[in-house]
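Data first, discussion second: the structure below is written as structure tokens.
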Amino acid sequence: MRICGHPGSAGLHSTGTMQLLPGTGSLVAALWLLLDVLFLGALFLHLLGDWSRRRSVLCGVFQDLIRYGKTKLGTRPAWLRCCDLPKRWFWHFYFLSVTWNGVLLGLVVRSLLLGVHFPQWIQQILHFFHKDPEQKTSDGELSTLLALSLLWIHSLRRLLECLYVSVYSAGVIHLAQYGLGIVYYFLLGITVLDHTQMDYRKVTVQELLLQLHWYHIFGFLLYIWASFHQSRCHMILANLRKDKSGNIVTMKHVMPSGDWFEKVSCPHYFAELLIYISVAFLFGLTHVTWWLLVLFVLFNQSLAAVLCHEFYHQKFDSYPAQRKAFIPFLF
């Protein structure tokens, strides 16, 4: 699959195959790199700074921007609270992802199976975010199809968990965090397509199966394993606020245990990282822009896990000392 020419051009070539784009010369890659630097810097600032003794306005804004939910508890001035949004609005992110990335997945399937061109407005969006293609042939249709499919399934599962499993208290997120979440899930599918050019030719199921490699199987199995444990951990967190009949009985924070919680404070964050690494395997570990996204997930979830880990240690005197914050045995 390949989109040839510029958004305003009338001529669209219909020969060739899906092609790799080496390097990171696209706008979407630059955006992920910028976010990587910002969140890595925020992580180091928090780890190296003694923020408990600092009361400046700048430090207050910094802490308000990096914290959400239970880690945002405490007395905060009214001018900071004016940017608060309910944490339960997390479902908006997954609804956007199911809708937008579902559209991209549908267009890719239609292009592969029917040879139908992408709509002009989609082509314009992709040309805006993506680098100019180099004419290097590769058999990447299966990788792109699997990646978009698994990410769509992941978003659908998380949407259902937010609506029907998770029990939200009065926790809040910052308006800037909400905006970042919207941008993140909008760029998700665009990042997948940053690896490819689109040639509008029909591809048979047999041709797709001939592209199957060991890394597709490994990536799929890693995705299933990580998704299973993430779902279990979300169930564990939700059940902490329910009785045996499934009725919500408390909004207090209770120390979690079981499954990967025995190793880390935030196993659902660790599972999220593994899910995105599994997608990297679907591309044979060659999708450079996707790795920039994986780094963002690593730094973002590391920061959230550290804050959550500190909260647990402050709240529970008997909190297990052997538990790490994010990555078992390491961090």
Side-chain angles (χ1 to χ4, degrees), residues 46-47 51-53 55 59-60 62-78 80-94 157-178 181 227-273 300-328 331:
H46 179 76
L47 292 175
W51 298 100
S52 61
R53 298 181 180 181
R55 295 292 183 267
C59 292
F62 173 71
Q63 288 295 300
D64 210 56
L65 285 172
I66 66 173
R67 296 177 181 273
Y68 65 90
K70 57 180 171 287
T71 66
K72 216 179 184 76
L73 297 176
T75 303
R76 297 161 54 233
L80 283 178
R81 296 197 302 272
C82 70
C83 293
D84 288 353
L85 295 174
K87 185 187 172 185
R88 65 179 68 249
W89 282 10
F90 264 41
W91 73 268
H92 295 183
F93 305 149
Y94 304 115
R157 175 178 63 81
R158 289 296 295 119
L159 174 62
L160 295 175
E161 287 176 344
C162 285
L163 294 176
Y164 302 110
V165 176
S166 298
V167 180
Y168 292 101
S169 60
V172 298
I173 58 175
H174 196 279
L175 176 63
Q177 295 169 330
Y178 182 85
S227 298
F228 171 75
H229 282 283
Q230 186 181 59
S231 185
R232 282 191 65 180
C233 291
H234 286 147
M235 288 291 296
I236 289 172
L237 288 173
N239 288 336
L240 293 176
R241 293 178 170 176
K242 300 177 182 179
D243 59 19
K244 293 182 179 180
S245 300
N247 300 313
I248 299 174
V249 294
T250 182
M251 287 296 175
K252 294 182 179 180
H253 295 288
V254 182
M255 184 172 67
S257 60
D259 202 70
W260 286 358
F261 278 108
E262 301 303 320
K263 302 297 182 183
V264 291
S265 295
C266 300
H268 46 314
Y269 296 165
F270 177 58
E272 186 84 358
L273 176 62
N300 175 277
Q301 301 289 267
S302 294
L303 179 58
V306 166
L307 294 171
C308 187
H309 191 64
E310 293 172 351
F311 171 85
Y312 284 141
H313 274 281
Q314 293 170 2
K315 185 171 181 62
F316 305 112
D317 295 333
S318 59
Y319 195 74
Q322 76 277 8
R323 285 191 194 179
K324 299 296 183 179
F326 182 42
I327 301 176
F331 176 73

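No hydrogens, no waters, no symmetry mates; every other heavy atom, side chains included, goes into these values.
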(request) Among K72, R67, R76, find the one that has a salt bridge (Lys or Arg N to Asp or Glu O under 4.0 Å) with D84. (result) R76
(request) Mind checking the SG-NE2 spacing from C82 to H174? Nearest 0.5 Å is all I need. (result) 7.5 Å
(message) Just verifying a value: how many Å separate R81 CZ and D64 CG, rounded to the nearest 0.5 Å?
(response) 10.0 Å
(request) Check Y168 against C162 and note the closest heavy-atom contact, atom names and distance. (result) OH-SG, 3.3 Å
(request) Write down the atom of C266, the atom of A305, and the distance for their closest heavy-atom approach. (result) SG-CA, 3.7 Å
(message) In terms of relative ring orientation, are W260 and F270 parallel, tilted or perpendicular, with 30° and 60° separating the classes?
(response) tilted
(message) According to side-chain hydrogen bond (donor to acceptor under 3.5 Å, both in side chains), does anything in residues 306-318 pair up with another residue at least two apart or in another chain? List the pairs.
(response) H46-E310, S265-H309, H309-H313
(request) For the residue pair H234 and H268, categorise the inter-ring angle as parallel (less than 30°), tilted (30 to 60°) or perpendicular (more than 60°). (result) perpendicular
(message) Measuring only between side-chain heavy atoms, which start at C-beta, is S231 closer than 4.5 Å to E161?
(response) yes
(request) May I ask you to test the V264-Y269 pair for a side-chain heavy-atom distance under 4.5 Å? (result) no
(request) Can you measure from OG (S227) to CZ (R158) and round to the nearest 0.5 angstrom? (result) 10.5 Å
(request) Could you tell me which non-hydrogen atom of K87 sits nearest to which non-hydrogen atom of G69, and how far apart they are? (result) CD-CA, 4.0 Å
Could you list the donor-acceptor pairs under 3.5 angstrom formed between side-chain atoms of residues 247-258 and any protein atom two or more places apart in sequence or on another chain?
from: T250; atom 1: OG1; to: K252; atom 2: N; distance (Å): 3.0
from: H253; atom 1: ND1; to: R241; atom 2: NH2; distance (Å): 3.3

(request) Any chance you could measure W89, atom CH2, to Q177, atom CD, to the nearest 0.5 Å? (result) 14.0 Å
(request) May I ask you to test the W91-L159 pair for a side-chain heavy-atom distance under 4.5 Å? (result) yes
(message) Within the 4.5 Å heavy-atom criterion, are Y94 and L160 side-chain neighbours or not?
(response) no
(request) Taking the side chain as every heavy atom from C-beta outward, state whether K263 and R323 have any pair of such atoms under 4.5 Å apart. (result) no
(request) Take V306 and F331 through the side-chain contact (heavy atoms from CB on, under 4.5 Å) test and state the conclusion after the steps. (result) CA-CA 9 Å; V306 166; F331 176 73; 3.5 Å; yes
(message) D259: which residues meet the salt bridge (charged side-chain N to carboxylate O under 4.0 Å, His left out) condition with it, sequence neighbours left out?
(response) R232
(request) Rounded to the nearest 0.5 Å, what's the gap from CG on L163 to CZ on R88? Could you check? (result) 11.0 Å
(request) Looking only at non-hydrogen atoms, find the nearest pair between L65 and A176 and report the distance. (result) CD2-CB, 4.0 Å
(message) Using 0.5 Å steps for rounding, measure from the CD atom of Q63 to the OG1 atom of T71.
(response) 9.0 Å
